[in-house]
Asker: 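Here it is, the structure in full.
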Amino acid sequence: MSVSADIKAGYTLPPFVIETVSPDAMRDWSVFLADPNPIHLDVEVVKAKGLGNKRINQGPINVAYMMNMLMTAFPGCRIETMDSRFLDNVYEGDRVVASGEVTSVQGNRVTCDIKLDVDGRGAVNAGTATILI
């Protein structure tokens with residue numbers, strides 16, 4: 001598979017939108033991740049720790065949103081490398097948008113800046129990824 005001529009530095013990837021972050025998904029992911037941290041499961045614990053008044057989404061889910069955006073933008077691709085940094089929490093009920101922009105294309109290797117935004121708060125995760133087409 002080759003990179004489309006449309007894909008070049010500056011190309012904006014289609015956004016991947018989660019309309020509302022689900023506390024039910026957090027509960028399920030707690031099992032998958034073997035992560036029983038109560039900030040993902042119990043609002044009262046979040047309040048007691050002074051972290052807000054909603055359950056906090058697991059970091060790996062936030063990264064998965066960005067991975068889904070990449071896989072949707074480049075069907076059949078492989079993520080060769082990806083790094084990101086956590087800038088803020090994502091809470092239950094948040095609307096999140098994963099987005100990206102191509103920064104370089106070298107053969108079948110596409111490098112992108114990626115980020116995850118929460119409506120009204122901006123970027124909560126940001127980084128780079130290299131995709132093999």
Side-chain angles (χ1 to χ4, degrees):
M1 177 191 261
S2 63
V3 177
S4 163
D6 296 342
I7 307 297
K8 55 188 167 196
Y11 176 80
T12 301
L13 304 179
F16 183 85
V17 179
I18 302 298
E19 290 297 336
T20 184
V21 173
S22 165
D24 293 335
M26 288 183 219
R27 184 187 63 245
D28 293 344
W29 275 75
S30 287
V31 174
F32 306 146
L33 297 170
D35 179 3
N37 188 330
I39 65 170
H40 308 307
L41 306 169
D42 188 340
V43 172
E44 295 308 314
V45 171
V46 176
K47 290 178 184 177
K49 292 183 174 283
L51 298 173
N53 59 3
K54 296 179 183 180
R55 286 168 277 226
I56 299 172
N57 207 28
Q58 291 93 333
I61 300 175
N62 300 335
V63 172
Y65 296 151
M66 294 186 296
M67 293 173 78
N68 285 336
M69 181 269 304
L70 292 166
M71 300 299 284
T72 301
F74 301 102
C77 76
R78 186 178 70 139
I79 299 173
E80 180 181 46
T81 64
M82 182 175 172
D83 65 67
S84 68
R85 63 189 181 286
F86 296 96
L87 305 170
D88 200 355
N89 291 321
V90 173
Y91 296 93
E92 67 178 285
D94 282 347
R95 180 179 185 272
V96 296
V97 179
S99 62
E101 182 177 304
V102 172
T103 57
S104 72
V105 177
Q106 296 177 345
N108 287 345
R109 187 172 272 117
V110 179
T111 303
C112 306
D113 286 337
I114 56 174
K115 67 178 180 169
L116 183 68
D117 288 312
V118 170
D119 279 2
R121 289 193 293 128
V124 294
N125 197 309
T128 59
T130 300
I131 308 304
L132 294 178
I133 305 296

Asker: Under a 4.5 Å side-chain heavy-atom rule over Ile, Leu, Val, Met, Phe, Trp and Tyr, are Phe86 and Leu51 clustered together?
Answerer: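 Different clusters.
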Asker: Would you mind listing every salt bridge (charged side-chain N to carboxylate O under 4.0 Å, His left out) that reaches into residues 55-64, with sequence neighbours excluded?
Answerer: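 For residues 55-64, and leaving out neighbouring residues, the salt bridge (charged side-chain N to carboxylate O under 4.0 Å, His left out) pairs sorted by first residue read Arg55-Glu92.
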Asker: Tell me whether Ile18 shares a hydrophobic cluster with Leu33, the cluster being built from Ile, Leu, Val, Met, Phe, Trp, Tyr side chains joined at under 4.5 Å.
Answerer: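 Yes.
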Asker: If you round to the nearest 0.5 Å, how far is OG1 of Thr128 from CG of Asp83?
Answerer: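 The distance works out to 3.5 Å.
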Asker: Quick one: does Met69's side chain get under 4.5 Å of Pro15's, heavy atoms only?
Answerer: no
Asker: Check whether any side-chain heavy atom of Arg95 lies under 4.5 Å from a side-chain heavy atom of Val17, and answer yes or no.
Answerer: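 When only atoms from C-beta onward are counted, Val17 and Arg95 do touch, with a gap below 4.5 Å.
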Asker: Would you call Asp117 and Lys115 a salt bridge, using N to O less than 4.0 angstrom?
Answerer: yes
Asker: Testing the basics here: between Asp94 and Tyr91, what is the closest heavy-atom pair and its distance to 0.1 Å?
Answerer: OD2-N, 2.7 Å
Asker: Could you tell me which non-hydrogen atom of Asn89 sits nearest to which non-hydrogen atom of Val124, and how far apart they are?
Answerer: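 Smallest heavy-atom distance, with atoms named: O-CG1, 3.8 Å.
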Asker: Would you give the length of the straight line joining atom CE of Met67 to atom CD1 of Ile114, rounded to the nearest 0.5 angstrom?
Answerer: 9.0 Å
Asker: So which heavy atom on Leu70 is nearest to which on Ala129, and how close?
Answerer: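 The pair with the smallest heavy-atom distance is CD1-CB, 3.6 Å.
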Asker: With sequence neighbours excluded, give me every salt bridge (charged side-chain N to carboxylate O under 4.0 Å, His left out) pair touching residues 59-71.
Answerer: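 Qualifying pairs, neighbours excluded: none.
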Asker: Can you measure from CZ (Arg78) to CG (Leu132) and round to the nearest 0.5 angstrom?
Answerer: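 Separation between the atoms: 5.0 Å.
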Asker: How long is the span from the CD1 atom in Ile61 to the NE2 atom in His40, to the nearest 0.5 Å?
Answerer: 8.0 Å
Asker: Please round to the nearest 0.5 Å and tell me the distance separating atom CD1 of Ile39 and atom CG of Asn57.
Answerer: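 Rounded to the nearest 0.5 Å, the CD1-CG separation comes to 10.0 Å.
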Asker: Looking at Ser30 and Gln58, what are the two nearest heavy atoms and their distance?
Answerer: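 Taking every non-hydrogen atom into account, OG-NE2, 2.9 Å.
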Asker: How many angstroms lie between atom CE of Met26 and atom CD1 of Ile56, to the nearest 0.5 angstrom?
Answerer: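 If I round to the nearest 0.5 Å, the distance is 8.5 Å.
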Asker: Is there a chain of hydrophobic side chains (I, L, V, M, F, W, Y, each step under 4.5 Å between heavy atoms) that links Val97 to Val21?
Answerer: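 In one cluster with Val97: Val21, no.
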Asker: Give the cluster check for Ile133 versus Ile79: same hydrophobic cluster or not, with ILVMFWY residues linked at side-chain heavy-atom distances below 4.5 Å.
Answerer: yes
Asker: Nearest heavy-atom pair of Pro36 and Leu41: which atoms, and what distance?
Answerer: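 It is O-CD1, 4.0 Å.
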Asker: Please report the closest heavy-atom contact between Phe16 and Tyr65, naming both atoms and the distance.
Answerer: CD2-O, 3.7 Å
Asker: Could you walk me through whether Asn125 and Ser84 pass the side-chain hydrogen bond (donor to acceptor under 3.5 Å, both in side chains) test, one step at a time?
Answerer: CA-CA 6 Å; Asn125 197 309; Ser84 68; 3.0 Å; yes
Asker: Quick one: do Met66 and Ile7 end up in the same hydrophobic cluster if we chain Ile, Leu, Val, Met, Phe, Trp and Tyr together by side-chain heavy atoms under 4.5 Å apart?
Answerer: yes
Asker: Can you confirm whether Val102 sits close enough to Leu13 that some side-chain heavy atom of one is under 4.5 Å from a side-chain heavy atom of the other?
Answerer: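 In contact.
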Asker: Within the distance-only criterion (no hydrogens, no angle test), does the side chain of Thr103 pair as donor or acceptor with the backbone N or O of Thr111 below 3.5 angstrom?
Answerer: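 Yes; judged by distance alone, with no hydrogens or angles, the pair exists.
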